[in-house]
Protein chains: 2
Amino acid sequence: MEERIVGIIAGVLTSCSLIPQLIKMVKNKKADDVSTVMLLILFAGLGLWVWYGIMREDWPIIITNSFSALMNGIIMLLQLKYKRNK
Amino acid sequence: MEERIVGIIAGVLTSCSLIPQLIKMVKNKKADDVSTVMLLILFAGLGLWVWYGIMREDWPIIITNSFSALMNGIIMLLQLKYKRNK
């Protein structure tokens, strides 16, 4: 298979993996078992992947990691919100 | 900065992000709020990233995604175990 296609599918899967987590959080209005440290480290890592993608002009990496970082950011904000509402 | 260094730091961060989640799970002996669908999709995606890295001979991608897939696998097994113990 063409490498770009594998990269795009891989990126779409890893990016979209945060969507069910987001849905679960919104449904249950809590995310106590989700590690905040994980989210913070992941956010920093995703940001650096975007930078890496820009340097290599690797579009699957740039686009998918940007989307992941966005999802990750929303999850962090929601977790903060649910913790405050307790 | 050299692109390989950015890639390695990015990969180490995204790979290691699952470690605090693992620690939190083991400490609390539960992971009810962690989405199983997320873990499954993430596992498939990480596997494809490894494949993509092999095709591009991109070592930061191969090594870090292999490690992430391993962490992800352990988290899935632990989640299954804690659910059964209920």
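Here is how names work: the chains are called A, B, and so on, in the same order as the sequence lines, proteins then strands, and each is numbered from 1.
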Nearest heavy-atom neighbours spanning [X] and [Y]:
| X | Y | result |
| --- | --- | --- |
| Ile41(B) | Pro20(A) | CD1-CG, 4.1 Å |
| Ser35(B) | Gln21(A) | N-OE1, 2.9 Å |
| Gly45(A) | Leu13(B) | CA-CB, 3.6 Å |

Applying ring-ring contact (aromatic ring centres under 6.0 Å, His included) as the test, list every pair that has at least one member in residues 22-50 of chain B; sequence neighbours left out.
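ring-ring contact (aromatic ring centres under 6.0 Å, His included) check on residues 22-50 of chain B returns Trp49(B)-Tyr52(B).
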query = Is Asp33(A) close to Met25(B) at the side-chain level, that is, under 4.5 Å between some pair of heavy atoms?
reply =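 No - every pair of side-chain heavy atoms lies 4.5 Å or more apart.
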Is it true that [X] and [Y] fall in one hydrophobic cluster, defined by side-chain heavy atoms closer than 4.5 Å?
| X | Y | answer |
| --- | --- | --- |
| Ile19(A) | Val12(A) | no |
| Leu46(B) | Leu40(B) | no |
| Leu80(A) | Val34(A) | no |
| Ile8(A) | Ile5(A) | no |
| Met76(B) | Met38(B) | yes |

Taking a cut-off of under 4.5 angstrom between non-hydrogen atoms, the residues of residues 56-71 of chain A near chain B are Arg56(A), Asp58(A), Pro60(A), Ile61(A), Thr64(A)
Atom CG in Asn28(A), atom CG in Asp32(B): separation rounded to 0.5 Å?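 If we round to the nearest 0.5 Å, Asn28(A):CG and Asp32(B):CG are 9.5 Å apart.
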Value for CG (Leu42(A)) from CG (Leu18(B)), rounded to nearest 0.5 Å, stands at 7.5 Å
Query - Top contributor to chain A interface from Val37(B), Ile54(B), Leu39(B) [non-hydrogen pairs under 4.5 Å] - result: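 Counting heavy-atom pairs under 4.5 Å, the top option is Val37(B).
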Within the distance-only criterion (no hydrogens, no angle test), does the side chain of Lys24(A) pair as donor or acceptor with the backbone N or O of Thr36(B) below 3.5 angstrom?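 Answer holds: no.
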